[in-house]
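Convention: sequence-line order gives letters A, B, ...; per-chain numbering from 1. We use all heavy atoms of the structure for the numbers below, so side chains are in, but hydrogens, waters and symmetry mates are not.
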There are 2 protein chains.
Amino acid sequence: MTTTTSIKEVARRAGVSLGTVSNVLNQPERVAEATRKRVLDAIAELGYVRNDSARQLRAGSSRQIAIVVLDVANPFFTDVVRGAESAAEEHGVMVVVCNSGEDADREHRHLDLLEEQRVRGVLITPVDDTRNSRLEKLIDRGTPVVLVDRGSGWHNRCSVAVNDVLGGRLAGEHLRAQGHREIAFVGGPMTIQQVADRHEGIKLALGEAADLVVVSTPNLTVASGRQAAGQIAGMPPAERPTAAFCANDLLALGVLQEMTQRGVKVPQDFAIVGYDDIEFAAAAAVPLSSVRQPREQLGRTATQLLLEEIESDGGHEHRHVVFQPELVVRASSSRPARRRSRTSSAG
Amino acid sequence: MTTTTSIKEVARRAGVSLGTVSNVLNQPERVAEATRKRVLDAIAELGYVRNDSARQLRAGSSRQIAIVVLDVANPFFTDVVRGAESAAEEHGVMVVVCNSGEDADREHRHLDLLEEQRVRGVLITPVDDTRNSRLEKLIDRGTPVVLVDRGSGWHNRCSVAVNDVLGGRLAGEHLRAQGHREIAFVGGPMTIQQVADRHEGIKLALGEAADLVVVSTPNLTVASGRQAAGQIAGMPPAERPTAAFCANDLLALGVLQEMTQRGVKVPQDFAIVGYDDIEFAAAAAVPLSSVRQPREQLGRTATQLLLEEIESDGGHEHRHVVFQPELVVRASSSRPARRRSRTSSAG
DNA sequence: CGGAGTCATTGAAACGTTTCATTAGACAGG
DNA sequence: CCTGTCTAATGAAACGTTTCAATGACTCCG
């Protein structure tokens with residue numbers, strides 16, 4: 001298929017040697033004006049395209065970094081990707097986007113391929129934060145890795161994260177201040193550190209002041225949110241929560257949809273706080289309260305740390321950058337004038 | 001950096017020749033059981049990772065295809081990407097996701113890099129559908145290309161698209177049936193074929209039955225939608241549209257947000273129909289009517305066409321697959337009981 | 001026991017670059 | 001006219017694979 005025009009033919013056409021063509025491509029200033037022009041003309045005429053495999057083979061490494069995300073369709077990650085891309089672009093580095101789909105096997109397969117391709121470095125939000133020996137191996141073999149939205153327990157790596165415990169606390173304090181005494185935490189699996197941290201945060205915030213019910217979900221999607229809401233609605237009135245803090249906005253939107261569909265009024269009968277503050281949170285049926293994270297910033301910073309490590313010759317110190325989240329209160333959790341006598345009587 | 005363990009060291013360790021190791025990797029059945037085991041052990045012990053550059057160099061092509069989208073953060077494209085990924089996975093092919101960000105220069109740079117990497121094929125929604133000589137060149141040089149959500153005027157390529165004229169017509173007929181006489185088309189730039197087709201569709205549907213005002217936007221984002229809504233709200237009451245058909249859901253959500261913020265009631269005072277039916281359309285403040293496209297299917301089919309072309313040895317006939325869109329009517333465009341006397345009086 | 005036929009393994013060539021030591025040529029100074 | 005310096009261009013080696021013709025060892029059959 002791909003017509004194979006090599007440097008050799010360019011050289012012949014221009015009447016110069018192989019090495020000269022290479023120099024024109026890589027160190028143009030070393031080549032005399034006239035020769036350079038002849039070579040460039042030949043390149044244009046033949047439609048020559050440099051073969052990156054050969055270049056890499058010789059050079060030993062590529063000009064690519066990779067970002068492995070949990071879900072390409074999640075607005076949180078797409079924003080992180082955008083941030084990473086813009087930072088990488090400034091350094092002439094290409095970003096390869098890989099989607100693990102929260103599936104450890106797929107993640108591993110991606111890492112295998114990326115390693116074979118000798119990417120310069122990897123930004124990753126690992127599916128499983130605990131026993132990830134595949135990732136360890138990658139690191140041991142010398143590929144720089146920066147953990148995105150992860151961090152604890154990886155002292156041998158740079159990481160970029162948001163203080164999720166704080167995020168959970170903000171949500172918890174807010175809900176407590178609104179007078180809720182039975183609160184659901186919707187999210188899972190707990191092996192995802194973010195989820196565990198957010199849970200930890202709200203637990204800290206509530207203390208003895210309110211009961212926290214964990215409604216566990218298999219992943220962080222709208223569909224799971226709807227299911228969780230169904231589960232909550234099915235609880236006996238006495239112990240049914242009056243508010244939910246969801247581990248991300250997709251879950252929260254799912255909960256909102258399901259509750260609305262069941263005729264449960266938000267926020268009058270049920271308050272919801274999400275996490276991520278994605279673009280659609282503000283546009284939801286009931287504008288969603290959410291914990292905002294600096295998403296693009298996260299991607300940007302992660303990329304900068306990675307490039308820094310790549311460019312440093314060994315003398316690199318791993319850093320952990322932690323951003324502070326911020327609670328954005330909207331209608332979905334705002335205390336209505338009247339209280340939950342209605343909820344009780346309805347239940 | 002990357003510790004360089006080559007096939008040579010594996011060979012030495014296992015006490016076999018270079019070629020044998022390669023055979024173990026590529027045609028294991030040709031190698032005797034015992035030898036194979038010895039080689040595999042050596043590979044494991046040394047942590048050998050195949051160098052894909054060298055492999056490609058020898059083989060002449062890679063195991064990757066690329067998808068170049070207009071905007072990674074647009075749910076429409078993320079779904080297309082998911083579809084492409086799942087189809088590619090079945091063929092053991094990796095998908096590289098590239099984001100042009102609706103910027104022709106970036107698109108060109110991506111194509112340059114992809115071509116240097118000798119990707120097997122490219123799925124692309126070109127930024128500019130008209131004079132795209134960069135893409136032509138790629139094709140001429142022999143890289144299979146499938147156009148996604150494009151098609152007209154590219155008879156030398158496979159393409160996968162949705163009948164956008166029909167989509168526009170469905171929206172138009174619906175709005176006309178709801179009694180609207182002044183309708184805005186929000187979208188742009190018109191150089192994007194989809195946008196032009198959707199516009200064409202609604203024009204056809206309305207005919208002489210209603211006036212169509214084009215509110216042009218520089219791109220297809222929520223922000224642009226808000227601006228467009230501002231523009232509409234600023235028109236003199238007499239010629240102000242009572243409904244908008246937006247070229248995609250992001251614009252529609254923007255219009256909805258801005259209108260709501262200005263106190264214009266949707267759908268009582270102003271009806272909105274979007275396009276794409278993204279996941280968030282149903283969850284919007286006022287659930288959004290939208291023209292639904294089979295997004296994942298689009299990505300799947302495009303990938304299948306591409307792989308088909310790649311695997312066929314020359315004897316390939318280009319095909320154009322067109323999917324039919326479907327109008328999903330929700331609250332944002334449903335005729336309320338009362339009519340627009342209110343709008344008039346308010347204006 | 002010899003020759004044909006299998007089967008497993010080998011060794012070298014080739015892929016398209018980059019790099020680097022070397023050569024050729026021009027020019028200046030003595 | 002010789003020597004030394006500087007610039008421009010060359011040619012060969014190297015990167016790590018895959019491929020393929022050739023080799024060697026065995027087995028089978030006559």
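Within 3.5 Å, no donor on the side chain of A:R58 pairs with an acceptor on the base of C:dT17, nor the reverse.
A 4.5 Å side-chain heavy-atom check between B:R106 and B:N99 finds at least one atom pair inside the cut-off. You'll find the side chain of B:E311 stays beyond 4.5 Å of the side chain of B:H316, heavy atoms only.
The phosphate of D:dA9 (OP1 or OP2) has a side-chain N or O of A:T35 nearer than 4.0 angstrom. Distances shown here put a side-chain N or O of B:T20 below 4.0 Å from the OP1 or OP2 atom of C:dT10. For D:dG16, the OP1/OP2 oxygens have a side-chain nitrogen or oxygen of B:T4 closer than 4.0 Å. Side-chain nitrogen and oxygen atoms of A:N26 include at least one within less than 4.0 Å of the OP1 or OP2 phosphate oxygen of C:dT18.
In this structure, B:Q27 places its CD atom 13 Å from P of C:dA8, rounding to the nearest Å. For B:N51 and D:dA14, the CG to C1' distance is 13 Å, given to the nearest whole Å. To the nearest angstrom, P of C:dC15 lies 11 Å from CD of A:E9. Between the CZ atom of B:R55 and the P atom of D:dG16 there is a distance of 16 Å, given to the nearest Å. In this structure, B:R118 atom CZ and C:dC15 atom P are separated by 14 Å, rounded to whole Å. Whole-Å rounding puts the A:K8 NZ to D:dT10 C1' distance at 16 Å. Distance, A:L25 CG to C:dG16 P: 15 Å, rounded to whole Å. The CD1 atom of A:I7 sits 8 Å away from the C1' atom of C:dT18 (whole-angstrom rounding).
Looking at heavy-atom distances under 4.0 Å, A:A59 makes no contact with the nucleic acid at all. Within 4.0 Å of A:S6, counting heavy atoms only, lie sugar-phosphate atoms of the nucleic acid but no base atom.
Residue A:V39 forms a side chain to side chain contact (heavy atoms under 4.5 Å, CB included) with just one option from A:V31, A:L25, A:I7, A:V21, and that option is A:V21.
Closest to the A:L18 side chain, of the nucleotides D:dT17, D:dA9, C:dT17, is C:dT17. With C:dA8, C:dG11, D:dT18 as the choices, the nucleotide that has an atom nearest any side-chain atom of B:S17 turns out to be C:dG11.
Closest approach of A:Q194 to A:L70, counting heavy atoms only: OE1-CD1, 4.4 Å.
Along DNA chain C, the nucleotide nearest to B:R38 and the one nearest to A:Y48 differ in position, and the one closer to the 5' end is contacted by B:R38. Taking for each of B:V21 and A:A54 the nucleotide of DNA chain D with the nearest heavy atom, the 5'-most of the two is the partner of A:A54.
A:Q56 and B:Q56 share no side-chain donor-acceptor pair at under 3.5 Å.
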